[in-house]
Amino acid sequence: MGRTKKLTFMAVLTALALGIFILEAQIPPIVPIPGIKLGLANIITLAAMLLLGKKEAGAILLVRVIMGSMFAGGPASFLYSAAGALFSYIAMCILVSVIPENHLWLTSAIAALCHNAGQLTVCALIVKTPQIWVYAPLLSISGIITGVFTGISAKYLVRALRKNK
């Protein structure tokens, strides 16, 4: 893939991820527990990692976090989103090299758990209390469920994009 085509594809994936993120921010919470989201924009991050590479996926994720916080959040949401994104990105970088692509759901579920850990870490530092970790079991359950769905979705997206080049 040439540089121009790659950059254009990255821009399209970034726009998709941002659009999904902003759309998801408009959905009322499914359960009355703070921090539980579907995380559908991570479908794009996973797909970018497999189709373009780790560095490119990281750039797409970074732009999505910054712009998503500008359009659908604020400074606090940026901190939570950035920490979660960093933790999950590191996990994805390690796991896509270890776990076979047909088990992308497992990579995604573990990355979702790491995302939750990053957000809880920032929250515990901000509110200066470790009691915030009481949310960890509930966030873990939701993270596994949504992570599996996100991973399966990313697998089919990657498959479709590879077929259509």
List in chain and number order the residues that pass side-chain contact (heavy atoms from CB on, under 4.5 Å) with Ile66, two or more places apart in sequence or in another chain; answer none if no residue qualifies. Leu62, Met70, Phe78
Partners of Glu101 by side-chain hydrogen bond (donor to acceptor under 3.5 Å, both in side chains), sequence neighbours excluded? Arg162
side-chain contact (heavy atoms from CB on, under 4.5 Å) against Ala136, all qualifying residues, sequence neighbours excluded: Leu120, Trp133
Taking side-chain contact (heavy atoms from CB on, under 4.5 Å) as the definition, give me every residue that meets it alongside Ile22, ordered by chain and number, with sequence neighbours left out. Leu18, Gln26, Phe71, Ala72
Among residues two or more places apart or on two chains, list those pairs meeting side chain to side chain donor-acceptor pair (under 3.5 Å) that have a residue in residues 83-98. Lys54-Ser97
Got more than 12 heavy atoms from elsewhere within 6.0 Å of CZ, Phe9? yes
Transitive ILVMFWY cluster of Ile141 at side-chain heavy atoms under 4.5 Å: who else is in it? Ile145
Determine whether Leu125 and Leu86 fall in the same hydrophobic cluster, where Ile, Leu, Val, Met, Phe, Trp and Tyr are linked whenever their side-chain heavy atoms lie under 4.5 Å apart. no
Sort and list the pairs that fulfil salt bridge (charged side-chain N to carboxylate O under 4.0 Å, His left out) and have at least one residue in residues 5-15, not counting sequence neighbours. Lys6-Glu56
Those residues at least two apart in sequence (or on a different chain) that pass side-chain contact (heavy atoms from CB on, under 4.5 Å) with Tyr80 are Ala76, Gln119, Val122, Cys123, Ile126
With sequence neighbours left out, write down each residue that passes side-chain hydrogen bond (donor to acceptor under 3.5 Å, both in side chains) with Thr4, or none if nothing qualifies. none
Without placing hydrogens or testing angles, list every side-chain donor-acceptor pair under 3.5 Å for residues 38-51, not counting sequence neighbours.
from	atom 1	to	atom 2	distance (Å)
Asn42	OD1	Arg64	NH2	3.1
Asn42	ND2	Gly39	O	3.4

Give me the atom names and distance for the closest heavy-atom approach of Leu52 to Met10. CD1-CG, 3.6 Å
side-chain contact (heavy atoms from CB on, under 4.5 Å) evaluation trace for Phe87 with Met92: CA-CA 9 Å; Phe87 278 48; Met92 283 186 239; over 6 Å; no
